[in-house]
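Here is the structure we will look at, set down as C-alpha cells.
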Amino acid sequence: MRLESFLQSFARLTQDSVIVIYSPAPDVEGSIVWCNDAFSKAFGHDDVDTLGNSISTLFEPVRYRAMLDEIRPDMIEGETGANAEVSCLRADGTTFWGNLQILYAPRDETGGRSSAGIIRDISNLKQREAKAAEALDEREAMAREAEALWSRLLLAIDSLDAPIGIWDKNQRLVICNKSFGPRLMGRPMPSEPDLTFQDFLREAAYAGTIMSTIGREEEWIAEAIAAMETGYIDNLETFSDGRAFLAKSELSANGDMVIHNIEMTDAIARERELSQKNQELAEAEQDARRRANRDDLTGLGNRRYMGACLDMLIEQYGDETGEIALLQIDLDRFKQINDTLGHAAGDHVLVVVSQRLTALLGVSDHLARIGGDEFVIIGSGQNIEDRARRLGAEIIEALSRPILFNDTSLRIGASVGIATTPISSGRDLLVHADVALYRSKSEGRGHVRVFDHTDLDKLRRSKAVGDEILIALEARQFVPWFQPQIDAATGQIVGLEALARWNHPERGILPPAIFIQQADDLNVLGELDRLIFETAIEACSKAFEGIPALDLSINVSEERLMSSDIDTFLKQAAAYPGKIAMELLETIFLEDRGETFRFQIDRLRDAGIGIELDDFGSGRASIVGLEQIAPDRLKIDRRLVGSAATSERSARLLRAIVDIGDALDIKVTAEGIETADQVKVLTALGCERLQGFWFGPPMPLDDVIRRFDLRPSLQRHTGS
Ligand code: C2E
Ligand code: CA
Ligand code: CA
C-alpha cells in the first residue's frame, strides 16, 4: 500500500495528465477507471464525468484513427508500452496537442488488462515546430527561385554575343558567358574555377583576337591590370573579325568585378561614316572658299581675297605705322589686244602677266587680279615705300618685255600707282593707289607714281567740292553767263552761247573748270545742264520781249541728251521766240552710236532745234560720223583758231573744214577769236560766225544787253 500511495501522490504532483484504463479483453476498447487532477484541469472534465468513459472520447475523432494506427504495433501482446502524438479533445470541444505515453500492465486471469496513460501538453513545442517547418519551406522556395534566376541569367548572358565575365574579389572567375572565351581568348572557356584574372589577361593578350594587343601584349596586360586596380576598365577593342566592343568593368557590392562588353561595331561604323562625310563636307567648303577667293583664269587671288589680305594686314600693323603698301597695276593696250586679236589672246596675256608678277613677289607680298586688266600687290614690312617703288619699277620692266602669242609678239606695258600707310588709311589704300595710277597714266604711260600728301589734299578738296556741288545744285547757285556770237559778214551780234558759272556764296563767280568734271563724276551734269538751260531760256525770253530774239546756244552733256525728260526740254525750247541750238561735244560722235542716240537727235532737229558740233578739229570726229549725224553747224576749236593766223598748216586744215561744211551744207563758227587778225583770217576762210574775247567774254545777260545796246528802244518804252 505504500507503493500505491506513492503512485497516488506522484499522479497528484505531476503537471502531466495521468489516467488508468481498463480493457476487459483484447480488441475491446478500454475505458477510464482513474484520473488525476491535472487531467481534469487539462481536459475540463471532473472525475465523475470521466470515469467509465471510453478512451476514444479523449481524442479528436478525425485524428483518432491515425493515432491508433501509429500505436497499434506497440499494442500487440508482449509490448510494455506505446508512444504517440495525439490531438486531445477538451470538454468544451477545443483541442490541444499532447504526447501520449501508455504503459501496459500484465493481463489478469480474466484476460483483461490495465494500462496507465500519461499525456503531456506539447502545444508549445508543436507551435515552434510548425514555425520552423514553415521557415524551412520558405528557404527552400527561395533557393529554388534563385536557382531558376541563375539559370535564366546564364541563358540570357549566353545568348549575348558580347562577352561578359564576372570575377570575384580574389580575382577568380565566377561565371562567364559562351562568347567570352572564343572572343577574348580564342578558345571556348572550359569550366576552370581556378582561372585568375591575370591568367585570363595573359591568354587574351597572346590569343591574337584583340587587334590592339598584337605586338604589344605585355604592355596591354600591364595597362589592363593597372586599369583594374584603379577600379575600372573602359576600353574600346576591335576584334579580329572586325567587330568592335567597348569593354567596361563594374564592381558589385560584394566585391565581384563584372567585365562586360558593349558591341560598338555599328556605332563605330556610323561614326566613321559620319566623320568621313564631315571631312568631305569640310573639304568641299574649303574648296568653295578657296574658289570664292580665286580668279579662275590666272589662279591668283581675286578682289575678295585682296580685301581679306588688306583686313589682315590692317589688323596686324594698324593704319598708323606706315608698313603697308598697295600697288595697283594697269596694263596698256590690253583692251586693244582683246578687241583686235580676240579673247584667247587677251587671256594669254593675263596669264603671262600674272606669272611675271608672281615671279617678282617677296615672301610677304600678296597678288590679286581685281578686274579685267587690273592687278594689285599688297606688301608689308619696314621701308615699305622704297620697296614698293622698286617693285613698281621691276613690274614696268617685266611687263615691257613682249609676250608671244601664236607667233605674234604682243607688246603691252604697264603703269603703276602706289599708296602707302599712313598717308592713306587702310580702307583708302585702294582708292588712293587708283588716283596715283590715274595720275601716272596722265603723265604718260610706263610710270610708277606714289600717292602723296599733295594728292591727299587735292582729293580732300575735290571731295569737299563734290559735296558742295550737290548743295549748290539744290540752292540753284549755278547760273548762265552769255558770250556773244557775231555774224562775220555784218559784224552784228546774232547769237549767245550760254555758259555755266557757279555763283559761290564765298568764293564768288567760279568757271566750269572747277565743277563740270566733278558734276559729271557725281552724275549730276544732266541736272546742271537742265538748270542752266531753264534759267537761260527764261532770262532771254524776258530780256528779248518786244525785240528780235538772239539765237541761243546751249551746251548739252550726253547725260542730258539721253535723259528721259527731253520732252520738257523740247516744250521749253519751243516757247523761246528765237532759234535754239544744242552744242554737243565732238567726242559724243566718236563712238558708234546706237539707234536711241540718233533718234534723240532727230527729235531735236524735228522740233526746230539746231545741232552744233562743239570743239570741232580738236581731234577725232570722223567725216562718216559727220555725215550720219548731219549737224547744222561746226564750232571750230579755239586751239585751231589760235594757230590759223600764224601756221600755214592750220590755215589749210581750217580751209578744208570749211570746204567740208560747204559740201555737206554745214555752217561754221570760229571760237576763241582774240585778235583783229584772227577776225580777218577766219572771215576770209569762210567762217560764217565768230565768237571770242575780241567781241566779248562770257558775261551776265544784263552786261550783254548794255554792251550791245539790245534794250527795246527806250523811246518806245518812254513813249508809251
Ligand atoms: P566751250 O563749250 O568750248 O565753251 C567755250 C569756252 O571758251 C568758254 O569757257 C569760254 O569762256 C572760252 N572762250 C571763249 N572765247 C574765248 C577766247 O577768245 N579765248 C579763250 N582763251 N577762251 C575763250 P568756259 O566758260 O570756261 O567753259 C568751258 C567749258 O565748259 C565749255 O567749253 C563747255 O564745254 C563747258 N560748259 C560750260 N557751260 C556748260 C554747261 O552749261 N553745260 C555743259 N555740259 N558744259 C558746259
Ligand atoms: Ca560750247
Ligand atoms: Ca567749244
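Just follow the structure's listing: the first ligand is 1, and inside any ligand the first atom is 1. One is the number of the first residue; the rest follow in order along the sequence.
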Counting from 1 in the order shown, the ligand 1 atoms closer than 4.0 Å to a non-hydrogen atom of Asp615 are 3 (O)
Interatomic distance, CD@Glu671 vs CG@Leu634, rounded to 0.5 Å, equals 11.5 Å
Residues Leu701 and Ala543: closest non-hydrogen pair is CD2-CB, 3.8 Å
Near Ile532 (heavy-atom distance under 4.0 Å), the atoms of ligand 1 are 41 (O)
Any non-hydrogen protein atom less than 4.0 Å away from atom 26 (O) of ligand 1
yes
The protein heavy atom nearest to atom 8 (C) of ligand 1 is Leu499 CD1, 3.9 Å
The atoms of ligand 1 lying under 4.0 Å from a heavy atom of Asp614, numbered in the order shown, are 1 (P), 2 (O), 3 (O)
Nearest non-hydrogen contact to atom 24 (P) of ligand 1 from the set Gly692, Pro512, Pro511 belongs to Pro512
One finds that the ligand 1 atoms under 4.0 Å from a non-hydrogen atom of Arg638 are 6 (C), 7 (O), 12 (C), 20 (C), 21 (N), 22 (N), 23 (C)
- Query: Does the side chain of Glu374 come within less than 4.5 Å of Arg369's, by heavy atoms?
  - Reply: no
Counting only protein N, O or S atoms and ignoring waters, those under 3.0 Å from the Ca ion (ligand 2) are Glu497 OE2, Asn555 OD1, Glu583 OE1, Asp614 OD2
*Please state whether the rings of Trp502 and Phe515 are parallel, tilted or perpendicular, taking 30° and 60° as the class boundaries.*
perpendicular
Nearest non-hydrogen protein atom to atom 44 (N) of ligand 1, with distance, is Asp529 OD1, 3.0 Å
Under 4.0 Å from one or more heavy atoms of Glu497, ligand 1 contributes atoms 2 (O), 4 (O)
query = Between Asp467 and Lys463, does at least one N-O distance fall below 4.0 Å, as a salt bridge requires?
reply = yes
Exercise. Tell me, with the steps shown, if Leu310 and Leu326 meet side chain to side chain contact (heavy atoms under 4.5 Å, CB included).
Key: CA-CA 9 Å; Leu310 209 53; Leu326 190 149; 4.2 Å; yes
Counting only N and O atoms by type, is there a donor-acceptor contact under 3.5 Å from the side chain of Thr421 to the main-chain atoms of Ile324? yes
Review point. Heavy atoms, side chains only, cut-off 4.5 Å: are Val704 and Leu496 in contact?
Key: yes
- Do any nitrogen or oxygen atoms of Ala500 lie less than 3.5 angstrom from nitrogen or oxygen atoms of ligand 1? yes
If we only consider heavy atoms of Ala513, is any one of them less than 4.0 Å away from an atom in ligand 1? no
Discussion item. Under the criterion salt bridge (Lys or Arg N to Asp or Glu O under 4.0 Å), I'd like the reasoning laid out for Asp567 against Arg603: C-alpha separation, chi angles, the key distance, then a yes or no.
Written reply: CA-CA 9 Å; Asp567 286 330; Arg603 287 187 66 194; 2.2 Å; yes
The closest protein heavy-atom partner of atom 11 (O) of ligand 1 is Pro698 CG, 3.2 Å
Separation between CG (Asn503) and CZ (Arg476), nearest 0.5 Å, reads 13.0 Å
Protein heavy atoms near atom 4 (O) of ligand 1, is at least one of them under 4.0 angstrom away? yes
Near Ile516 (heavy-atom distance under 4.0 Å), the atoms of ligand 1 are 45 (N), 46 (C)
### Query
Taking both backbone and side-chain atoms of Gln691, is any N or O found less than 3.5 Å from an N or O belonging to ligand 1?
no
Atoms of ligand 1 under 4.0 Å from any heavy atom of Gln483, numbered from 1 in the order shown, are 14 (C), 15 (N)
query: Among the heavy atoms of Arg560, does any lie under 4.0 Å from an atom of ligand 1?
result: no
- [ ] Output, in order, the C-alpha distance, side-chain angles, deciding distance and verdict of side chain to side chain contact (heavy atoms under 4.5 Å, CB included) for Lys458 and Arg439.
- [x] CA-CA 12 Å; Lys458 268 193 214 150; Arg439 301 251 152 89; 4.2 Å; yes
Atom 13 (N) of ligand 1 sits nearest the protein heavy atom Phe693 CE2, 3.7 Å
| task | In sequence, state the C-alpha distance, the side-chain angles, and the governing distance for Arg389 and Asp386, and then conclude on salt bridge (Lys or Arg N to Asp or Glu O under 4.0 Å). | result | CA-CA 5 Å; Arg389 271 183 204 279; Asp386 289 348; 5.1 Å; no
Sub-4.0 Å protein heavy atom near atom 18 (O) of ligand 1 | yes
Item to check | Arg501 heavy atom under 4.0 Å from ligand 1 | outcome: yes
Report task. Flag the pair Val668 / Phe616 as yes when at least one side-chain heavy-atom distance between them is below 4.5 Å, and no otherwise. Result -> no
CZ (Phe708) and CZ (Phe695) are apart, to the nearest 0.5 Å, by 8.5 Å
In ligand 1, the atoms that come under 4.0 Å of a heavy atom of Glu674 are 17 (C), 18 (O), 19 (N), 20 (C), 21 (N)
Are any of the N/O atoms on Trp694, whether in the backbone or the side chain, positioned under 3.5 angstrom from an N/O atom of ligand 1?
no
Next on the checklist: Under a 3.5 Å distance rule, please check whether Asp330 uses its side chain to pair with a backbone N or O of Ser415 as donor and acceptor.
Outcome noted: no
query = Hey, are the side chains of Arg689 and Asp487 touching, using non-hydrogen atoms and a 4.5 Å cut-off?
reply = no
To the nearest 0.5 Å, atom CD of Glu394 lies from atom CD of Glu397 at 8.5 Å
